S.K.: 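Please find one structure pasted underneath; my questions will follow.
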Amino acid sequence: MQEFRVSSNSYGAELGRAGGAVVSVITKSGSNQLHGTTFYFLRDSAFGAANPFLAVKPHNRQQQLGATLSGPIKRTRPTFLSDSINTYSTFPAWSSF
């Protein structure tokens with residue numbers, strides 16, 4: 001992303017009559033180098049506080065991981081962008097009558 005702009009009130013007529021805000025994003029053009037990013041997010045009940053109204057602490061685990069890869073197809077030619085995101089979750093099942 002090269003530039004982004006958030007207009008929340010007095011924006012021009014070319015943006016229409018949208019309520020709230022308008023977000024404008026300008027992306028960079030491709031380059032002749034290979035680029036990539038990775039990320040990992042972990043949310044586990046071992047890191048959180050216990051609920052004082054429950055006798056036991058339920059097991060809750062969420063993992064998100066992903067990667068992006070971009071680069072040229074040929075030098076000074078069109079570029080490609082590929083990404084992958086995986087989500088794994090385990091949540092307890094509670095029943096109350």
Side-chain angles (χ1 to χ4, degrees):
M1 184 177 358
Q2 182 176 353
E3 175 185 342
F4 74 95
R5 181 179 46 205
V6 178
S7 302
S8 60
N9 48 12
S10 58
Y11 39 85
E14 71 272 6
L15 299 175
R17 297 182 63 182
V22 175
V23 178
S24 301
V25 178
I26 299 173
T27 58
K28 292 182 182 179
S29 62
S31 69
N32 286 324
Q33 296 178 349
L34 193 63
H35 295 279
T37 60
T38 61
F39 69 90
Y40 179 74
F41 171 76
L42 172 65
R43 181 177 188 175
D44 199 331
S45 59
F47 303 136
N51 188 341
F53 301 108
L54 294 177
V56 296
K57 186 174 179 181
H59 182 68
N60 178 2
R61 185 177 181 109
Q62 178 183 2
Q63 299 179 69
Q64 291 180 338
L65 54 111
T68 63
L69 183 66
S70 65
I73 297 173
K74 286 187 174 181
R75 192 162 182 81
T76 66
R77 297 288 181 181
T79 59
F80 71 93
L81 173 67
S82 177
D83 68 338
S84 174
I85 298 173
N86 296 318
T87 302
Y88 306 101
S89 300
T90 58
F91 295 106
W94 291 91
S95 296
S96 61
F97 297 98

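If you're wondering where the values come from, they're calculated on a predicted model, not measured in any experiment. Worth knowing before you read on, the calculation uses all heavy atoms, side chains too, and leaves out hydrogens, waters and symmetry mates. In this chain, numbering begins with 1 at the start of the sequence shown.
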S.K.: Applying the side chain to side chain contact (heavy atoms under 4.5 Å, CB included) criterion to Leu42, which one of Gln64, Arg61, Gln62 satisfies it?
M.R.: Arg61

S.K.: Do Gln63 and Thr87 have side chains that get closer than 4.5 Å, going by heavy atoms?
M.R.: no

S.K.: Between Tyr88 and Leu65, which heavy-atom pair has the shortest distance, and what is it?
M.R.: CE1-CD2, 3.9 Å

S.K.: Are Leu81 and Val25 linked, directly or through intermediate hydrophobic residues, by side-chain heavy-atom contacts shorter than 4.5 Å (ILVMFWY only)?
M.R.: no

S.K.: Atom NE2 of His35 and atom OG1 of Thr79: how far apart are they, to the nearest 0.5 Å?
M.R.: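 So the NE2 of His35 and the OG1 of Thr79 are separated by 10.0 Å.
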
S.K.: Can you find a pair of side-chain heavy atoms, one from Leu34 and one from Leu69, that are under 4.5 Å apart?
M.R.: yes

S.K.: Evaluate Phe39 against Thr68 for side chain to side chain contact (heavy atoms under 4.5 Å, CB included), listing each step before the verdict.
M.R.: CA-CA 9 Å; Phe39 69 90; Thr68 63; over 6 Å; no

